[in-house]
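The structure under discussion appears below in the form of structure tokens.
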Amino acid sequence: MAPKYDFSAIEKKWQKRWEEESISRAEDFSKKPKFYCLVEFPYPSGEGLHVGHPRSYTALDVLARKRRMEGWNVLYPMGFDAFGLPTENYAIKTGIHPAVVTERNIETFTAQLKSLGFSFDWDRRVVTTDPAYYRWTQWIFLKMYEHGLAYKAKMPINWCPSCRIGLANEEVVGGACERCGATVEQCEKEQWLLRITKYADRLIEDLVTVDYLERIKTQQINWIGRSEGALIKFSVISCKLKVSEVEVFTTRPDTLFGATYMVLAPEHGLLAKGKLQIANRAEVDEYIVKARGKTDAERIAEGKEKTGVELKGIRAINPANKEEIPIFVADYVLGGYGTGAIMAVPAHDERDFAFAKRYHLPVMEVVSPLNQHLSAMTELYVGEGVLINSGKFSGLKSEEAKWKITEFVGGKKQVQYHLRDWIFSRQRYWGEPIPMVYCEACALRDPSGQGWVPVPEGELPVLLPNVARYEPTDTGESPLAAVTEWVNTKCPKCGGPAKRETDTMPNWAGSNWYFLRYTDPRNDRALADPKKLSYWTPVDWYNGGMEHTTLHLLYSRFVYKFLHDIGAVPKECGPEPYRKRTAHGMILGEGGEKMSKSRGNVVNPDEMVERFGADAFRVYEMFMGPFDQDIAWNTNGLVGTYRFLERVWKLFQTNDEKLKTENGGQQQKLDQILHKTIKKVTDDIEKFRFNTAVSALMILLNEMEKNNLQLTTYNLQLFLKLLAPFAPHITEELWHELRYKTSIHLEKWPVYDPNLIMESEVTVAVQVNGKLRGTVRAPAGSAQDVVERLIRGDAKLQEALKGRTIEKTIFVPDRLVNFVVYPVRS
RNA sequence: GCCGAGGUGGUGAAAUUGGGAAACACGCCAGCCCUAGGAGCUGGUGCCCGCAAGGGCUUGUGGGUUCGACCCCCACCCUCGGCACCA
């Protein structure tokens, strides 16, 4: 009796053997071509692995295994991004130290990942909470500070009055605190920022050099939001006398003659008390206070209903036509973008138009589409066109007029971005300490400096102190602020008493550069050895989630570029960290909704592996649908791939005693389909079309089962090699049953023979007026007259053509014949 | 509102990119086998008409280009994701 497919025993056996033999170790400086493939390392949450994680890991595992078999020196590493809020919150709730929780979670994750048979090079594991690792995260911060890219500034932050804690944007859901549901307030706080805006242009421009999915590129470009425009100064007058100036940013200087009023954001500096003689000061102040107290949620709720107050007693001068125009304060103008002031052109801007209508302000049309005039106050035109009512510039096209008018009024070209500098401090315990010290004495001595002194490189890492409590303090500071013996230190510059920065870095800090550390994970003299960096970097293929496109992916490109600029990453690695970026779709619950504990629709991968085995699980994750698409989990589908593997198992059991090296007439047909499958699977893996690759293997199995008795060792071993990247354990077991002594994963990947996949005879479709009426078999490459002769010999097809006049015949070699005929009149 | 992805059987989907729509799998139906099955095997399965042979229809909707359209063009509808007063 043939043995059962005991996946559990087989999988455990081989996982142990592979680990002992280190079959997936990456070799530094190997002569083989290198291939660095990367997946986003997980956050080791208490919930353990989600069925979504293995989708990406399996995909790149398939790629990595295939590439190894093709002779590449593959680096496929794994690590843990372990700083973060959930661990800290768990610690607050249970009183267990975050470090202990983290260690436990990493153990669980590691066991789960190992049970799935991924070919990670575990020797290169990195963990972001390891001081030997975050030492270099801190070092990067110091370098940024040294190069003027890290600075401290007062910033409005999200404040939860109930938790008494500052929240990251990601932690605010619909204007409410993610944890307690209280309404989030805005509050000003000193924050560390990184000057990512300095890299904005390069982050856009260099995208042309990399192979990212197009939607990833456009999303990043939109996020950065570069726009070219002009800065133009408007004089402010009071009683006909110039009292001040306001500079505006506009992308449409061509519409300057149509600027009929001006608007300042409530945050605009000119509105500060005492700066101007505003007749209705009280009314204006009231508006400003109200506007600045609004939460984001309120602003969104108000939608496009625009409000504002005119500043009485002062006017602005339109520099183009010297007309006096009113000045408003209105919260539809944002303080944080451009100059915080705009020229309003109601005829050619939707928002200005809406505002002008409400406050009965003049609408002056200055750009005409195709020289057709608009009827005043009823229509607006936001496109470009030909200028009218614009003095000597009338008749010019918008594009040309833009810069001529800018020059005429003494303005200058200006580029603006939506991207803001990156707020890099959190009032949290479980993060990397920011290696800065505040020294009051140094601040007094050097009034230009802010009193911030970097911790000397030699003193890194600044260790996160062990504390008993992680609760936020009453002052809204980081829990670290309460650890006085840690906070109080000596100033590295003057030796006097000083205080450590108590904010920590955000959870993105460790993931900014982890892929560099994989090349040299234990280096204690540099973040990585330059030689190893130049051997492995850049990453050849990086797969991750779309949700990181404008977060981790953008951040790490910025940090990499910086490290490259300062030489910490060698020049020859190039200016971009990732050559290719793909994205996987999310796995949803069985009902098509996002998996979550509260919905109770979470599928546990351990349970699936226990019931069906890691191989069936892997094959299912690859087969379930297109890789880049969101898809609902369906355990029945997993049953299907389990059946597939079980049939593979059975096929080998029945063949075991009668292995052949040659066989009869079926061989040619089998070879053909085998080689077609080699081509299909090889291509599909490279294109990340795993679902069709698996389906090709299923078709091949169906065919092999039909020819069970004719199968040779050659057929069987080719099949196993193609299946090996997807189902590494069962194929290894069966490979050894074929009496091989070494691992199938060290074998050569099969190459298809183009001669074998050629068809000698093809089926040609026969259509009449585009409708299928039958088919004929013909030798491959048959000429039109040969095929037509065959059609004439087919009674059924003749019936379909009977009594019809053929007007035209379309012939596509080896595919179809289409007869175009006149309709029959009855 | 803007940007992006998408809409094909009961379900997940496939279609060499303009050439036989629905491969592969799930589910379902029938039969076989078994003490039994949520196991296995065989066959069937887009929809409509028909006992059948056969015929008609079918890729969100409406137009168009073409001998021929899931595929290209125009207009519209719907779903999902991101951004959202960015001047």
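Below, read A as the first sequence line, B as the second, and so on, with proteins coming before strands; counting in each chain starts at 1.
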- Task: Determine the Euclidean distance between corresponding P atoms of B:C47 and B:U59; express it in Å to zero decimal places.
- Result: 15 Å
- Residue A:Arg773, side-chain heavy atoms: nucleotide from B:G56, B:A87, B:C26 that is nearest: B:G56
- Query: Is the shortest side-chain N to carboxylate O distance from A:Asp683 to A:Lys687 below 4.0 Å?
  - Reply: no
- Note on the structure: From CD of A:Gln653 across to C1' of B:G40 the rounded distance in Å is 16 Å
- Query: Could you give the CZ-to-P distance, from A:Arg643 to B:A39, as a whole number of Å?
  - Reply: 6 Å
- Task: Mark yes or no for whether A:Lys217, through its side chain, and A:Val210, through its backbone, hold a donor-acceptor pair below 3.5 Å.
- Result: yes
Please list, for nucleotides 11-22 of chain B, all pairs of protein and nucleotide N/O atoms separated by less than 3.5 Å.
residue : atom : partner  : partner atom : Å
B:G12   : O2'  : A:Met624 : O            : 2.5
B:A13   : OP1  : A:Gln629 : NE2          : 2.3
B:A14   : OP1  : A:Asn691 : ND2          : 3.1
B:A15   : OP1  : A:Arg689 : NH2          : 2.6
B:U16   : N3   : A:Arg815 : NH1          : 3.1
B:U16   : O4   : A:Arg815 : NH1          : 3.2
B:U16   : O4   : A:Arg815 : NH2          : 2.9
B:G19   : O2'  : A:Arg815 : NE           : 2.9

- Note on the structure: Side-chain atoms of A:Val820 come closest, of B:A87, B:C67, B:G82, to B:C67
- Message: Between B:G55 and B:U8, how many Å separate the two P atoms, rounded to a whole number?
- Response: 29 Å
- In B:U8, glycosidic geometry as syn within 90° of 0 or anti otherwise: anti
- Grab the CZ-P distance between A:Arg647 and B:C26 for me, whole Å please. 8 Å
- Message: Taking B:G54 as the reference, what is the distance to B:A15 when you measure between their P atoms (whole Å, please)?
- Response: 31 Å
- If the C1' atom of B:A25 is compared with that of B:U45, how far apart are they to the nearest Å? 14 Å
- Are any non-hydrogen side-chain atoms of A:Glu705 and A:Lys650 less than 4.5 angstrom apart? no
- Have a look at B:G4 and give me syn or anti from its glycosidic angle (syn if within 90° of zero). anti
- Item | Separation between the P atoms of B:U61 and B:C77, rounded to whole Å | 15 Å
- Query: P atom, B:G60 versus B:C70: distance in rounded Å?
  - Reply: 10 Å
Check the interface with nucleotides 33-36 of chain B: list each N/O to N/O pair with the protein under 3.5 Å, or write none.
none

- Note on the structure: Of the listed B:C24, B:G27, B:A87, the closest approach to the A:Phe249 side chain comes from B:A87
- The nucleotide from B:A25, B:C57, B:G82 with an atom nearest the side chain of A:Gln219 is B:G82
- Counting only heavy atoms not in A:Glu610, do more than 12 fall under 6.0 Å of its CD? no
- Query: Taking atom P of B:A25 as reference, at what distance in whole Å does atom CG of A:Leu700 sit?
  - Reply: 12 Å
- Message: Tell me the interatomic distance from A:Ile699, atom CD1, to B:A23, atom P, rounded to whole angstroms.
- Response: 10 Å
- Task: Using a 4.0 Å heavy-atom cut-off across all strands, classify A:Asp628 as base, sugar-phosphate, or nothing.
- Result: nothing
- Message: Categorize A:Gly225 for me: base, sugar-phosphate, or nothing, with a 4.0 angstrom heavy-atom threshold over every strand shown.
- Response: nothing
- Query: When you measure from the side chain of A:Val333, which nucleotide among B:G4, B:A87, B:G82 comes out closest?
  - Reply: B:A87
- Query: What distance do A:Phe355 atom CZ and A:Leu361 atom CG have between them, rounded to the nearest 0.5 Å?
  - Reply: 6.5 Å
- Checking all strands, does A:Arg226 fall into the base, sugar-phosphate, or nothing category for heavy-atom contacts under 4.0 angstrom? nothing
- Message: In whole Å, measure the gap between the P atoms of B:G12 and B:C28 for me.
- Response: 16 Å
- A:Arg215 CZ - B:G4 C1' separation (whole Å): 8 Å
- Message: So A:Lys306 and A:Arg358, do their side chains get closer than 4.5 Å, heavy atoms only?
- Response: no
- Note on the structure: To the nearest 0.5 Å, atom CG of A:Asn601 lies from atom NZ of A:Lys594 at 11.5 Å
- Run the salt-bridge test on A:Arg815 and A:Glu759 with the 4.0 Å N-O cut-off and return the result as yes or no. no
- Does the side chain of A:Tyr332 come under 3.5 Å of the side chain of A:Asp352 through a donor N or O and an acceptor N or O? yes
- Between A:Arg618 and A:Glu621, does at least one N-O distance fall below 4.0 Å, as a salt bridge requires? no
